[in-house]
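Not measured: the values here are computed from a predicted model. Just so you know, ligand 1 is whichever comes first in the structure, and atom 1 is the first atom listed for that ligand. Positions are given from 1, in the same order as the sequence printed here.
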Amino acid sequence: MADGGEPPPKRQCVQNLQIDSSGSLLPQGFASGLVGAVQQESGRDTHGSTSLTQQVQRTAENLISEPAGPGPLSSRDRERIATGAYSQREEALIKREQDGDIAFRYVLNNNDPQNLIYLVGLKNIFSKQLPNMPKEYIVRLVFDRRHRSVALLKRNGAVIGGITYRAFHAQTFGEIAFCAVTSHEQVKGYGTRLMNQTKEFARTIDRLTHFLTYADNNAVGYFEKQGFTRDISLERERWQGFIKDYDGGTLMECVMHPQICYIGLPDMIHAQRIALDDHIRRLSHSHVVRPGLTHFIDTATAGGFGRSSRYSVIPIGDIPGVREAGWTPSLASVQQQQGVGGGGSKYRLVLDRGRPPADPAPENLQVFLRSLMEYIQGLEESWPFKEQVAVQDAPDYYDVIKDPIALDVMEERLASGCFYVTLEIFNADLRRIFENCRFYNAPDTIYYKLANKLESLVNQYLTTHLLFDEQEEEAANPAQA
Ligand code: COA
């Protein structure tokens, strides 16, 4: 016989497994199991005094040596850190386990009548779900005394799924022979929970470190999602000759981490997310949400949507968060001198063909934008974009387009003299006119086509009226270009 006889003593989460009346072993509670795993890790007894989250949190804090930032998460923030879809599905099943709707049993063929009933149930499911497997083979392995099974039971005791594996104790790996969930209970997360329970039983009771299995093509995807890979890290001499070779199957391996309690994964993942979030908070202020500017809302409310001429400049330093992000008035003036930032773009403006191009200084920019606006307004393609869309013309327009704009709004902003302080801001508004139009209208409509046409005319205008530094260099040194 290849395996090492009786299983060695139980350890780690095993204190959380209790023997039921039939001699089967069942987990007492995932949370206590997880605390057991953490105790094992920290080597001290914390019975009932601290939660797992606190323990992992503390471990994470000890690992972090960077200077403290705004501080760790508040308890309200902790609750707000979302669990992912995987954890939510597992948590729902854990709840059902706690409510007694479902249960997992570690089953041996030890002549116990209840265990034999479970094994018969498993044999039936495997025979049905794995029709290519000879039934005699399934019976032989399921009832083999060297094999272990984990049965998934409904409240009424019916077996609805299970995994059978052979434990090679001396080699500390197990070979999964069969895994199935009854057809009408598939794709509900049972297969995942079943595998996690099996890993936990195999890790704590059988003291296995690896699972191997020959997966057929249909099952490779499922096993991959359960942490199995095609790379086999287990030394060949530990498994070769112990497990059977199957033609057409893919040999896959799963390493079971000694400190991971597989039946408490959602708690562990949540604790890790919190620790990670705490760490990020120490390094960054990105989680700090400052009050938004009311300036634009006030302006819009005062004069209808974007129609007020009361635009006024907000000093940059008064915007909440700007100073905290490192902005200072002296830095800003240095940047302005160096031509960095909004006012210092690397292009010049052709204001008059007979004169050299001008710097985009505020007064030059205003002249340039007014000429551009005049040009756009004078084009016959601009008629649909001159005014905001009227609700009576398109009742759902403002449900679809959340950031409307039109040339008349731009005119007012331009007239204020302080809104379009860079060409980029003007350009962003203009492009939004075209994008909104193309988003709302179908490509074969006149509006869509006019948006394209107008945009292409604007592009042509900009090509001939903006001179970028590279173009100037090329003009000066045509040989190098
Ligand atoms: N191929 C690819 N992915 C699969 C899959 C398959 N054959 N079967 C399930 N999955 C995916 C699910 O979509 C799910 O993905 P998600 O986590 O991203 O949502 C994940 O694997 C687990 O699904 P889950 O609901 O937990 O599994 P299940 O209860 O449906 O059970 C099997 C999965 C494989 C046990 C079940 O489909 C079955 O009994 N199949 C027939 C027998 C079989 O082929 N056994 C495997 C070889 S022994």
Q: Which protein heavy atom lies closest to atom 19 (O) of ligand 1, and at what distance to 0.1 Å?
A: Arg89 NH1, 2.9 Å
Q: Does Asp429 pair with Arg432 as a salt bridge, N-O distance under 4.0 Å?
A: yes
Q: Answer yes or no for Glu224: is there a heavy-atom contact with ligand 1 below 4.0 Å?
A: no
Q: Hey, which atoms in ligand 1 end up nearer than 4.0 Å to a heavy atom of Leu130?
A: 42 (C), 43 (C), 45 (N), 48 (S)
Q: Listing request: all side-chain hydrogen bond (donor to acceptor under 3.5 Å, both in side chains) pairs with a residue in residues 211-223, at least two apart in sequence or in separate chains.
A: Tyr214-Asp245
Q: Work out which heavy atom in Trp239 is nearest to a heavy atom in Leu234; give both atom names and the distance.
A: NE1-O, 3.3 Å
Q: Please identify which atoms of ligand 1 are closer than 4.0 Å to at least one heavy atom of Ala219.
A: 46 (C), 47 (C)
Q: Between Asp277 and Arg281, is the closest basic N to carboxylate O distance under 4.0 Å?
A: yes
Q: Under 4.0 Å from a heavy atom of Asn218: give me the atoms of ligand 1 that qualify, with their elements.
A: 1 (N), 6 (C), 7 (N)
Q: Under 6.0 Å from the NZ atom of Lys188, do we count more than 12 heavy atoms belonging to anything else shown?
A: yes
Q: Could you tell me which atoms of ligand 1, counted from 1 in the order shown, lie closer than 4.0 angstrom to a heavy atom of Lys188?
A: 25 (O)
Q: Parallel, tilted or perpendicular for Phe178 and Phe126, by the 30°/60° rule?
A: tilted
Q: List every atom of ligand 1 that sits less than 4.0 Å from any heavy atom of Ala180, numbering the atoms from 1 in the order shown and giving each element.
A: 35 (C), 39 (O)
Q: Any protein heavy atom under 4.0 Å from atom 38 (C) of ligand 1?
A: yes
Q: Tell me whether ligand 1 is touched by Arg193 - counting only heavy atoms on the residue side and a distance under 4.0 Å.
A: no
Q: Among Gly221, Cys179, Gly191, Gly189, whose heavy atom sits nearest atom 43 (C) of ligand 1?
A: Cys179
Q: Which label fits Phe201 and Tyr106: parallel for a plane angle under 30°, tilted from 30 to 60°, or perpendicular past 60°?
A: tilted
